[in-house]
Amino acid sequence: MRSSQFFISTQKEAPADAELISHQLMVRAGLIKKLGSGLYNWMPLGLRVLRKVEAIVRDEMNKAGALELLMPAVQPRELWEETGRWAVFGPQMLKIQDRHEREFCFGPTHEEVITDIARKEINSYKQLPLNFYQIQTKFRDEIRPRFGVMRAREFLMKDAYSFHTSHACLENTFNRMHQAYSNIFTRLGLKFRAVKADSGAIGGDGSQEFHVLADSGEDGLAYCECSDYAANVELAEAVVVGQRMTGVETMQIVDTPKQTACEDVAKLLGIGIERTVKAIALMAKEGIENEQFYLVLLRGDHQLNEVKLTKVEGFHDFRFATEEEIRSHLNCPPGFIGPVGVLDQVKVIADQTVAVMSDFVCGSNQPKRHLSGVNFGRDLPEPLVVADVRNVVDGDLSPDGQGVLSLCRGIEVGHIFQLGAKYSQAMQATYLDEGGKSQVMEMGCYGIGVSRIVGAAIEQGNDENGIIFPLSMAPFAVVICPIGYHKSDAVKQAADTLYQALQQAGVDVLLDDRAERPGVMFAESDLMGIPHRIVIGDRGLADDQVEYKQRQQAEAQNVSLADITQHILTQLN
RNA sequence: CGGGGCGUAGCGCAGUCUGGUAGCGUACUUGUCUGGGGGACAAGGGGUCGCAGGUUCAAAUCCUGCCGUUCCGACCA
C-alpha cells in the first residue's frame with residue numbers, strides 16, 4: 001500500500017474523554033473514530049488490525065474443529081422468553097420493535113439462537129459432538145461505556161457453542177478450547193493468563209477467563225508463583241491460617257474521638273491494623289418482602305468480596321444498609337458500629353479470618369468509642385455464620401498449598417464455560433441416544449472479545465511515541481520512508497524497487513510516498529505502531545546503504561541495499 | 001437510576017462571573033523558503049457558540065426546560 005493511496009488521519013492531541021493510553025493512541029493514530037457513546041467507527045487502518053486478530057482467532061478455531069456459521073444480530077423476544085432471560089438480562093439488553101410492533105433485541109449473546117438451531121437440526125447422538133462459532137457484532141447497553149473499544153456498547157465478539165452427549169465429552173471440548181485460546185493469545189503476541197472465574201449471568205459450572213495482563217485492567221487476578229493456580233479475585237479462595245488463640249486481655253472501652261476507619265483506630269492505639277475488625281451493615285432479602293439487617297465482620301485491612309457473599313446462604317440478594325438503617329438498628333452512627341452487645345434481631349456473620357481472631361479491636365456501638373481486647377464466646381456470642389467473604393490479599397496462602405498468592409490486574413479477553421444443560425433443558429434441545437431414548441444435550445460456550453483485544457494489546461504495547469503492535473496484528477509489517485521521494489530519482493527508484501520486492505514476497509508493506517518531511521513520516525509510523533521501518537535517503541544510497549530499525553529499538557542500523565529484502569524477510573521469519 | 005463536570009471550527013481550549021465586533025493553538029488550503037523526528041514565514045477558508053423557550057434595545061454570556069457527553073458508586077467479551 002502506498003500512503004498516498006491510503007487514508008491516514010493522525011492527530012497530535014487525543015480527545016478529552018480518552019482516559020486510557022490505548023484509547024488515546026487508537027484515536028490519535030486514526031484507528032478508530034467515535035460516533036456516539038460506546039460506538040466507534042473502525043477506520044481503514046484500524047480495520048486492518050481488527051481483521052488480523054479475527055483471522056488468527058478464526059484459524060485456531062477451525063484447527064480446533066469448530067465450525068463457523070453466522071447468526072442474526074437481531075433476535076426475536078420469544079426465544080428469550082423461553083429461557084427467562086428477556087426479563088433477567090435487564091436494561092443491558094437493547095430492545096427494539098419492528099413495524100408490526102413485534103419485539104426484538106439486538107443480540108448481547110447468542111445462546112438462545114444457537115440452542116434453537118441445535119434443537120431443530122440435531123436429532124441423533126450420531127451428529128454429536130458439534131462446536132459452532134461465529135464472529136459477530138454484539139450490543140450490550142453498558143451502564144458506563146468507557147475506555148474506547150475496551151468497553152464499548154457495540155463490539156465484535158467470537159462466540160462458540162458446543163453440544164455433547166455427555167459431561168466427559170463436554171470437558172474434552174472445553175479442554176480443546178482452552179488450548180485453542182492459549183494458542184490464539186500466544187500467536188497474537190500477548191502476555192496473558194488463564195484464571196478460574198465466576199460464571200456470572202451466563203451460568204454454568206466450570207469457567208475459565210483469559211486475561212491480558214495490564215495495570216489498567218478492570219479485573220484483579222490472584223496467582224501463585226510456585227504453581228499454576230490462578231483465579232479472578234472475585235473467586236480466589238482465602239485460606240485461613242492457624243487457630244483462635246485464647247484471649248488474654250480484658251475488654252475495655254477506648255476513646256476514639258475522630259477515628260472511624262480501622263486504619264486510624266489502629267494508628268491511635270499503636271497496634272497493627274490486622275488486630276482490628278470492621279463491621280459492614282447490610283440488608284439482605286428474606287423471602288419476597290422482608291429484609292434482614294446483618295453485620296458482616298472483616299479484618300480491618302480486608303475488603304468485602306460481594307461475589308463470594310452472594311453465594312452464602314441468605315445473601316442471594318443484598319444491599320448496603322443506609323445510614324438511617326444503621327442508626328435505627330444499632331442506635332449508633334456509622335464509623336463506630338460493632339458486633340458487641342447488639343440486639344437479637346441483628347445477625348452477625350464473620351469472615352473466616354475474623355473467626356480465628358482474639359483480643360481484637362472493634363466498634364462499640366457508641367459514638368467516638370471503640371472496644372479493645374474483644375473475644376468471641378466471652379464478650380459476644382460466636383458468629384451466626386462463618387464464611388469466606390473477603391478478597392484475597394498479596395501474600396495469602398495459595399489454596400493449593402504451594403506457596404503464596406500474588407496479585408495483578410488483567411483485561412478479560414476470553415471466557416470459556418461449561419454450561420451443562422441450562423439452556424438445552426429450558427429450550428428442550430434433545431437428541432435420541434443409542435437406545436432411542438430422548439436426552440438433553442450438554443453445552444459449552446466460549447467467547448473472545450475480538451475488538452477488545454486490539455485495545456488490550458495497545459495497553460500492553462506502547463511508549464511515548466505511540467503504539468507498539470506485535471507483528472501479528474500490526475496494520476502493516478514494514479514501512480518504507482523515502483527521504484526526498486519527489487526530489488531524488490535515486491531515492492524514488494530504490495524505494496519503488498524495494499516496495500515491489502517486498503510486495504512480491506508477500507510482505508504487508510507501506511510505502512510512504514507522500515511529500516511529507518521525514519519527521520512527520522517517522523512520527524506517524526511510530527504512532528501507528530508499524531514494527532519494522534526502512535529509511536532510504538541520498539545520504540545512505542551514496543554507499544548503497546539503507547537504514548533499518550525496529551519499532552521498539554532506539555537505534556537504527558545500516559543494511560546494504562542489496563541485502564535489505566532478505567534482511568526483512570529474515571526478521572519477519 | 002443517584003451525584004458532580006462539560007457542550008464555542010476536525011481536535012485541544014479561552015471567552016460566560018461583570019450581556020455589546022467570536023478568539024487562540026493545532027489541523028486544513030495557497031505560496032515561498034526548507035528537507036533525517038509532527039519545520040519557518042506569509043496569505044486564506046471554515047462557527048445557526050448543543051436544542052427550544054424566556055428576560056433585554058442587545059444573549060456564547062442571565063433565567064427555565066430538554067438533549068448530548070463525561071467522571072464517581074451496582075454489569076461484562
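Throughout, protein chains are lettered first and strands after them, A, B, ... in sequence-line order, and every chain is numbered starting at 1.
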* Under the 3.5 Å rule, do the base of B:rG38 and the side chain of A:Arg28 count as making a donor-acceptor pair? -> yes
* Asked: Has the side chain of A:Thr10 got a donor or acceptor that lies under 3.5 Å from a partner of the other kind on the base of B:rG38?
  -> yes
If you measure only the distance, is there a donor-acceptor pair under 3.5 Å linking the side chains of [X] and [Y]?
X        : Y        : value
A:Asp159 : A:Tyr161 : yes
A:His110 : A:Lys138 : yes
A:Gln179 : A:Asn175 : no
A:Asn131 : A:Thr173 : no

Considering only NZ, NE, NH1 and NH2 on the basic side and carboxylate oxygens on the acidic side, decide whether [X] and [Y] come within less than 4.0 Å.
X        : Y        : result
A:Lys278 : A:Asp351 : no
A:Arg409 : A:Asp215 : no
A:Lys95  : A:Glu103 : no

Tell which nucleotide pairs with [N], taking only Watson-Crick or G-U wobble pairs whose two distances are both under 3.5 angstrom.
N      : result
B:rC62 : B:rG54
B:rU69 : B:rG5
B:rA77 : none
B:rC28 : B:rG44
B:rC33 : B:rG39

Counting side-chain heavy atoms from C-beta on, which of [options] comes nearest to [X]?
X        : options                : answer
A:Gln92  : B:rG36, B:rA77, B:rC75 : B:rC75
A:Arg140 : B:rG36, B:rC76, B:rC71 : B:rC76
A:Glu547 : B:rG37, B:rA77, B:rG36 : B:rG36
A:Glu19  : B:rC76, B:rG37, B:rC72 : B:rC72
A:Arg452 : B:rG37, B:rC75, B:rC76 : B:rC76

Students often get this wrong, so: under 4.0 angstrom with heavy atoms, is [X] touching a base, only sugar-phosphate, or nothing?
X        : value
A:Lys33  : nothing
A:Ser9   : nothing
A:Gly414 : sugar-phosphate
A:Glu142 : base
A:Arg533 : base
A:Leu527 : base
A:Val27  : nothing
A:Asp159 : nothing
A:Ala152 : base

Would you mind reading off the distance between [X] atom [atom1] and [N] atom [atom2], rounded to a whole angstrom?
X        : N      : atom1 : atom2 : result
A:Leu35  : B:rG68 : CG    : P     : 14 Å
A:Arg551 : B:rG37 : CZ    : P     : 16 Å
A:Ile143 : B:rC72 : CD1   : C1'   : 13 Å
A:Leu188 : B:rA77 : CG    : C1'   : 14 Å
A:Glu218 : B:rA74 : CD    : P     : 12 Å
A:Ile416 : B:rC76 : CD1   : P     : 18 Å
A:Phe147 : B:rU70 : CZ    : P     : 12 Å
A:Arg144 : B:rA74 : CZ    : C1'   : 11 Å

Which pair of non-hydrogen atoms, one from [X] and one from [Y], has the smallest distance, and what is that distance?
X        : Y        : answer
A:Gln136 : A:Pro72  : NE2-C, 3.7 Å
A:Arg28  : A:Leu527 : O-CD2, 3.5 Å
A:Asn62  : A:Ala66  : OD1-O, 3.7 Å

Rounded [atom1] spacing from [N] to [M] in Å:
N      : M      : atom1 : result
B:rA52 : B:rU61 : P     : 12 Å
B:rG37 : B:rG73 : C1'   : 44 Å
B:rU18 : B:rC62 : C1'   : 11 Å
B:rU48 : B:rA43 : P     : 26 Å
B:rA59 : B:rG50 : P     : 15 Å
B:rC63 : B:rC6  : P     : 13 Å
B:rA9  : B:rC33 : C1'   : 29 Å
B:rU29 : B:rG45 : C1'   : 7 Å

OP1, OP2 of [N] versus side-chain N and O of [X]: anything below 4.0 Å?
X        : N      : answer
A:Lys549 : B:rG36 : no
A:Arg151 : B:rA77 : no
A:Arg153 : B:rC76 : no
A:Ser37  : B:rU70 : yes

* Row check, A:Phe155 ring normal vs A:Arg140 NZ/CZ: under 6.0 Å, within 45° -> no
* Asked: Mind checking whether A:His532 and A:Tyr548 have parallel, tilted or perpendicular rings, split at 30° and 60°?
  -> parallel
* Taking the inter-plane angle between the rings of A:Phe192 and A:Phe185 on a 0 to 90° scale, is it parallel (under 30°), tilted (30 to 60°) or perpendicular (over 60°)? -> tilted
Tabulate protein N/O versus nucleotide N/O from nucleotides 39-43 of chain B, keeping only pairs under 3.5 Å, one per line.
unit_1	atom_1	unit_2	atom_2	d
B:rG39	N9	A:Arg517	NE	3.4
B:rG39	N9	A:Arg517	NH1	3.4
B:rG39	N7	A:Arg517	NE	3.2
B:rG39	N7	A:Arg517	NH1	3.2

* To do: Using the six-membered ring for Trp and the full ring for Phe, Tyr or His, decide whether A:Phe155 stacks on the six-membered base ring of B:rA77 (centres under 5.5 Å, planes under 30°).
  => yes
* Asked: What do the steps show when you test A:Phe417 against A:Met443 for side chain to side chain contact (heavy atoms under 4.5 Å, CB included), and what is the final call?
  -> CA-CA 9 Å; A:Phe417 303 82; A:Met443 286 176 65; over 6 Å; no
With the criterion being N/O to N/O and under 3.5 Å, what pairs connect the protein with nucleotides 8-12 of chain B, and how long is each?
unit_1	atom_1	unit_2	atom_2	d
B:rC11	O2'	A:Glu13	O	3.3
B:rG12	OP1	A:Ala16	N	2.8
B:rG12	O2'	A:Glu13	OE1	3.0

